[in-house]
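Down below is the structure, laid out as structure tokens.
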Amino acid sequence: IEFTESQQRLHDDLLKVQAEIFAELHGSLHVKFMMTTIRRQAASCLFGLAPFIEDILSRYVTDEELSEVDIEDLQADPDELETIAEKVKLVIERAKQLEPNDPKLKKLVELVLQKQDASKHTNHRVMVFSSFHHTLRYLESGLRDAGIRVGLVHGGVPDDERTSLRKRFELPRDKPDALDVLLFSEVGCEGLDYQFCDCMMNYDLPWNPM
């Protein structure tokens with residue numbers, strides 16, 4: 001799924017400023033290696049990441065520097081912005097203004113709803129994986145808003161709750177407590193048998209740091 005124009009701008013600005021911050025603090029030698037995590041996070045889900053962009057960027061810039069940037073200055077051409085603090089402020093503002101249209105989430109909802117069509121599929125269950133908690137929380141909210149019954153399992157979910165979610169996920173679709181989708185982190189699904197589900201989706205792109 002391609003980014004929208006505003007998503008692409010935010011993605012590129014975020015990576016650019018993050019790289020400049022790393023280069024300023026650590027020199028350019030290891031910048032590409034240090035950028036790996038933020039690149040993966042941004043590729044996974046910009047919408048889920050947007051609330052945390054301020055933390056990701058501003059932790060490398062002092063509050064004093066950020067306070068010196070006037071909101072009115074954000075109308076300037078990004079190429080003319082001279083300080084990291086100004087660029088951080090610009091990216092934060094763009095993250096807050098990100099348009100609500102998310103083609104990637106819409107496609108996920110479309111595929112999940114196709115799976116719910118009882119005339120075509122006897123098994124309604126879908127497992128969805130992501131490496132990032134910000135993505136999983138965003139998907140949980142988006143799927144629920146679409147009327148899809150969804151649960152979330154990650155490393156911080158207690159064992160008894162995982163077992164309870166698994167039991168609900170195994171219920172027939174006509175049961176009120178049944179789940180249509182179970183969201184998982186990489187470690188969230190360990191230790192339990194889910195062979196009653198015949199559909200898995202990876203929301204993140206496969207990643208190779210090379």
Side-chain angles (χ1 to χ4, degrees), residues 1-4 7 10-11 36-56 95-96 98-207:
I1 305 297
E2 297 292 335
F3 280 139
T4 65
Q7 288 174 346
L10 175 58
H11 174 272
T36 295
T37 297
I38 189 66
R39 286 182 184 276
R40 290 181 62 203
Q41 289 176 314
S44 171
C45 179
L46 265 179
F47 279 88
L49 188 61
F52 305 103
I53 286 178
E54 185 168 6
D55 293 336
I56 291 168
K96 292 177 180 178
L98 195 61
E99 61 182 345
N101 175 40
D102 184 0
K104 192 175 180 182
L105 175 61
K106 285 184 177 179
K107 187 62 177 180
L108 176 65
V109 170
E110 175 189 329
L111 293 172
V112 170
L113 291 178
Q114 288 177 10
K115 185 67 172 167
Q116 307 310 304
D117 187 346
S119 67
K120 297 180 179 179
H121 302 284
T122 57
N123 192 334
H124 65 287
R125 304 172 187 89
V126 181
M127 300 172 72
V128 180
F129 290 88
S130 173
S131 300
F132 303 104
H133 285 195
H134 74 268
T135 299
L136 292 169
R137 288 190 291 267
Y138 172 74
L139 295 182
E140 182 183 28
S141 175
L143 290 168
R144 187 168 287 122
D145 288 346
I148 295 167
R149 300 171 296 183
V150 59
L152 172 59
V153 179
H154 54 74
V157 175
D159 289 344
D160 56 346
E161 187 174 343
R162 294 190 200 192
T163 301
S164 175
L165 287 170
R166 181 197 174 281
K167 289 179 179 178
R168 292 180 60 194
F169 193 42
E170 193 174 11
L171 291 173
R173 74 173 83 214
D174 59 349
K175 298 294 183 181
D177 290 339
L179 295 175
D180 305 310
V181 175
L182 208 47
L183 300 168
F184 291 97
S185 66
E186 291 179 334
V187 299
C189 61
E190 293 179 356
L192 293 174
D193 179 5
Y194 289 93
Q195 291 191 46
F196 53 82
C197 176
D198 65 354
C199 180
M200 294 189 298
M201 299 183 192
N202 288 306
Y203 199 75
D204 303 340
L205 290 169
W207 185 265

So CG of L136 and OG of S185: to nearest 0.5 Å the spacing works out to 6.5 Å
Less than 4.5 Å apart, any side-chain heavy atom of L139 and any of V181? no
Distance from L10 atom CG to K96 atom NZ, nearest 0.5 Å? 12.5 Å
For residues 164-171, dump all side-chain donor-acceptor pairs below 3.5 Å to protein atoms at least two apart in sequence or in another chain.
from	atom 1	to	atom 2	distance (Å)
R166	NE	D193	O	2.8
R166	NH1	E170	OE1	3.0
R166	NH2	D193	O	2.9
R168	NE	D177	O	2.8
R168	NH2	D177	O	3.4

Can you name the residues that form a salt bridge (Lys or Arg N to Asp or Glu O under 4.0 Å) with K104, not counting sequence neighbours? none
Partners of P158 by side-chain contact (heavy atoms from CB on, under 4.5 Å), sequence neighbours excluded? D160, E161
Quick check against the 3.5 Å criterion: does H121 have a side-chain atom that pairs as donor or acceptor with the backbone of N123? no
By ring pair (Phe, Tyr, Trp, His ring centres under 6.0 Å), which residues pair with H11, not counting sequence neighbours? F3
For the SG atom of C45 and the CG atom of D102, what is their distance to the nearest 0.5 Å? 6.0 Å
R40: what forms a side-chain contact (heavy atoms from CB on, under 4.5 Å) with it, not counting sequence neighbours? T36, S131, F132, E186, W207
Check L108, L179, V109, V126 against I148 for a side-chain contact (heavy atoms from CB on, under 4.5 Å) and give me the one that passes. V109
Do the side chains of V150 and L182 get nearer than 4.5 Å, heavy atoms only? no
Y203 vs L105 side-chain heavy atoms within contact, under 4.5 Å: yes
With sequence neighbours left out, the residues meeting side-chain hydrogen bond (donor to acceptor under 3.5 Å, both in side chains) with N202 are none
R149 side chain reached by K175 side chain, heavy atoms, under 4.5 Å: no
Could I get the full list of ring pair (Phe, Tyr, Trp, His ring centres under 6.0 Å) partners for H124, not counting sequence neighbours? none
Roughly how far, to the nearest 0.5 Å, is CG of D180 from CG of L143? 9.5 Å
Taking salt bridge (Lys or Arg N to Asp or Glu O under 4.0 Å) as the test, write out the residues that go with D198, two or more places apart. K115
What residues, two or more places apart in sequence or in another chain, satisfy salt bridge (Lys or Arg N to Asp or Glu O under 4.0 Å) together with K107? E110
Run F184 and V128 through side-chain contact (heavy atoms from CB on, under 4.5 Å) and show every step you take. CA-CA 6 Å; F184 291 97; V128 180; over 6 Å; no
With T4, which residues qualify under side-chain contact (heavy atoms from CB on, under 4.5 Å), at least two apart? S6, Q7, E99, N101, P103
Under the side-chain contact (heavy atoms from CB on, under 4.5 Å) test, which residues partner P176, sequence neighbours left out? none
Restricting to non-hydrogen atoms, name the atom on P51 and the atom on G48 that form the minimum distance, rounded to 0.1 Å. CD-O, 3.2 Å
Using the side-chain contact (heavy atoms from CB on, under 4.5 Å) rule, take S44 and S130 through it: C-alpha gap first, then chi angles, then the decisive distance, then the call. CA-CA 8 Å; S44 171; S130 173; 3.7 Å; yes
Answer yes or no: is there a side-chain heavy-atom contact under 4.5 Å between Y138 and E140? no
Search all heavy atoms of P172 against all heavy atoms of A178 and return the closest pair with its distance. O-CB, 3.3 Å
Pairing residues for T122 by the side-chain hydrogen bond (donor to acceptor under 3.5 Å, both in side chains) criterion, not counting sequence neighbours: none
Would you call F129 and M201 a side-chain contact if the rule is heavy atoms closer than 4.5 Å? no
Test your reading of the model: is there a side-chain donor-acceptor pair from R125 to the backbone of C199, 3.5 Å cut-off? no
